[in-house]
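Throughout, numbering of the chain's residues begins at 1 and tracks the sequence.
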Amino acid sequence: MRLHRAIGNTSFWVFGGGLAIMFLIPLIWTAVASVSPHGATAQQEGYGFANYRTLTEYDAGLPTYLWNSTYVSVLTVIFTLVLSLLGGYAFARFRFPGRDALFLLIIAILMVPYATLLVPLWVLLGELGLRNSLFGLALVLTLYQLPFSMFMMRISFEAVPREIEESALVDGCGTFGVLRRVLVFAVWPGMITVGLFAFLHAWNDFIAPLFMINDSSRYPLSLAIATLRQQTMGAVDFGATQAGVVIMALPCLLLFVLLQRHYVRGFMSGALKG
């Protein structure tokens, strides 16, 4: 028995370590390439940060693009958390006519190709005066995150025993009071998972900004990096592009490391409920 357990543990660590190395190699290669010398980049000789200086000085400037991405991502997270929290609570705790049909309709949005939604949304935002707006872009990104987020929050609420909610109601809490004072803390891991997914999607998305934003001073970082195609004798400046990829990856890696424990708990609660 101990031999089988040891073999199983060893196989697990070998397999997990191999996967980790496989996923880390592209990140390490990108980081090294961003500071490596290359004739078609700003870093002509030796190792240094000339590519990062090129990115910093590109068009509207790196601080502007970082602010745009941060603004859009934070708004997307806030909108997604508020709507999915209220919607998940309603679908999990209240019974009303057409509840299941409406929930299936929301989930069905995931089957619609992302790009096909952008044309009607572009028209709608134009009517609302939100075209070429970072606020409007955050609304678009929130819309696509809501089906998954609503599903996650519903199963998170369903995993909470009803006795907790009933006790709070007996103590005098109203429906919204129970949600705000009790249930929010019980579904915290699910909220972390939803918020992290919303941030990663908003921070890295390229298609929606490309379609919705035409003012270069309002580009998020993902779109700015894609448009950084400085030609030097027919060669693309991949050094500055790699530097941009590194800068984009750092907040995602940092957030995932800091929130990993809550992220795993949020997924496990949904898996156990399902």
Ile106 and Leu146: CA distance, side-chain angles, deciding distance, side chain to side chain contact (heavy atoms under 4.5 Å, CB included) verdict
CA-CA 8 Å; Ile106 293 174; Leu146 275 181; 5.5 Å; no
According to ring-ring contact (aromatic ring centres under 6.0 Å, His included), who are the partners of Tyr219, at least two apart in sequence or on a separate chain?
none
Do the ring planes of Phe135 and Phe79 sit parallel (below 30°), tilted (30 to 60°) or perpendicular (above 60°)?
perpendicular
Within a reach of under 6.0 Å around CE of Met111, are more than 12 heavy atoms found that belong to other residues, nucleotides or ligands?
no
Looking at every non-hydrogen atom in both residues, tell me the closest pair between Ile225 and Val245 and how far apart they are.
CD1-N, 4.0 Å
Heavy-atom nearest pair, Leu137 first then Pro209, reads CD1-N, 3.8 Å
Please name the pair of heavy atoms, one in Cys252 and one in Asn204, separated by the smallest distance, quoted to 0.1 Å.
SG-ND2, 3.7 Å
Indicate, with yes or no, if Val119 and Leu128 share a hydrophobic cluster defined by side-chain heavy-atom contacts under 4.5 Å among Ile, Leu, Val, Met, Phe, Trp and Tyr.
yes
Is a side-chain N or O of Arg131 found less than 3.5 angstrom from the main chain of Trp122, in a donor-acceptor match?
yes
Test side chain to side chain contact (heavy atoms under 4.5 Å, CB included) on Leu124 and Leu130; report intermediate values, then the result.
CA-CA 9 Å; Leu124 177 61; Leu130 294 176; over 6 Å; no
For Trp203, does its backbone N or O pair with a side-chain atom of Ser69 as donor and acceptor, under 3.5 Å?
no
CZ of Phe151: more than 12 outside heavy atoms within 6.0 angstrom?
no
Enter the distance from Met191:CE to Ser84:OG here, rounded to the nearest 0.5 Å.
7.5 Å
CG of Leu121 to CG of Leu139: how many Å apart, nearest 0.5 Å?
9.5 Å
Looking only at heavy atoms, what is the nearest atom pair of Ser216 and Tyr65, with distance?
O-CE2, 3.4 Å
Do Asp215 and Asn132 have a side chain donor and acceptor closer than 3.5 Å?
no
A side-chain contact here means heavy atoms from C-beta on lying under 4.5 Å apart; do Leu221 and Leu62 qualify?
yes
Would you say Ile155 and Met152 make side-chain contact, with heavy atoms under 4.5 Å?
yes
Which heavy atom of Arg154 sits nearest to which heavy atom of Phe91, and what is that distance?
NE-O, 3.7 Å
Distance col, row Leu223:CG vs Ile207:CD1, nearest 0.5 angstrom, shows 11.5 Å
From CA spacing to verdict: side chain to side chain contact (heavy atoms under 4.5 Å, CB included), Phe148, Ile107:
CA-CA 7 Å; Phe148 167 79; Ile107 297 299; over 6 Å; no
Donor-acceptor under 3.5 Å (Ser222 side chain, Asp205 main chain):
yes
Can you check side chain to side chain contact (heavy atoms under 4.5 Å, CB included) on Met150 and Val194, steps first, answer last?
CA-CA 9 Å; Met150 202 83 73; Val194 166; over 6 Å; no
Does a side-chain heavy-atom distance below 4.5 Å link Leu27 with Leu253?
yes
With hydrophobic residues grouped by side-chain heavy-atom distances under 4.5 Å, do Ile213 and Val123 end up in a single group?
yes
Let me check something: do Leu134 and Leu118 share a hydrophobic cluster, defined by ILVMFWY side-chain heavy atoms less than 4.5 Å apart, either directly or through other members?
yes
To the nearest 0.5 Å, tell me how far Arg218 CZ sits from Trp67 CH2.
13.5 Å
Can the ring centres of Phe206 and Phe211 be said to be less than 6.0 Å apart?
no
Kindly compute the distance separating CE (Met153) from OG1 (Thr80), expressed to the nearest 0.5 Å.
11.5 Å
Heavy-atom closest pair (Leu141 atom, Ala208 atom, distance to 0.1 Å) is CD2-CB, 4.0 Å
dist Leu81:CG -> Ser149:OG (nearest 0.5 Å) comes out at 7.5 Å
Please confirm whether the backbone N or O of Pro189 pairs with a side-chain atom of Thr193, one donor and one acceptor, at under 3.5 Å?
yes
With hydrophobic residues grouped by side-chain heavy-atom distances under 4.5 Å, do Ile247 and Trp29 end up in a single group?
no
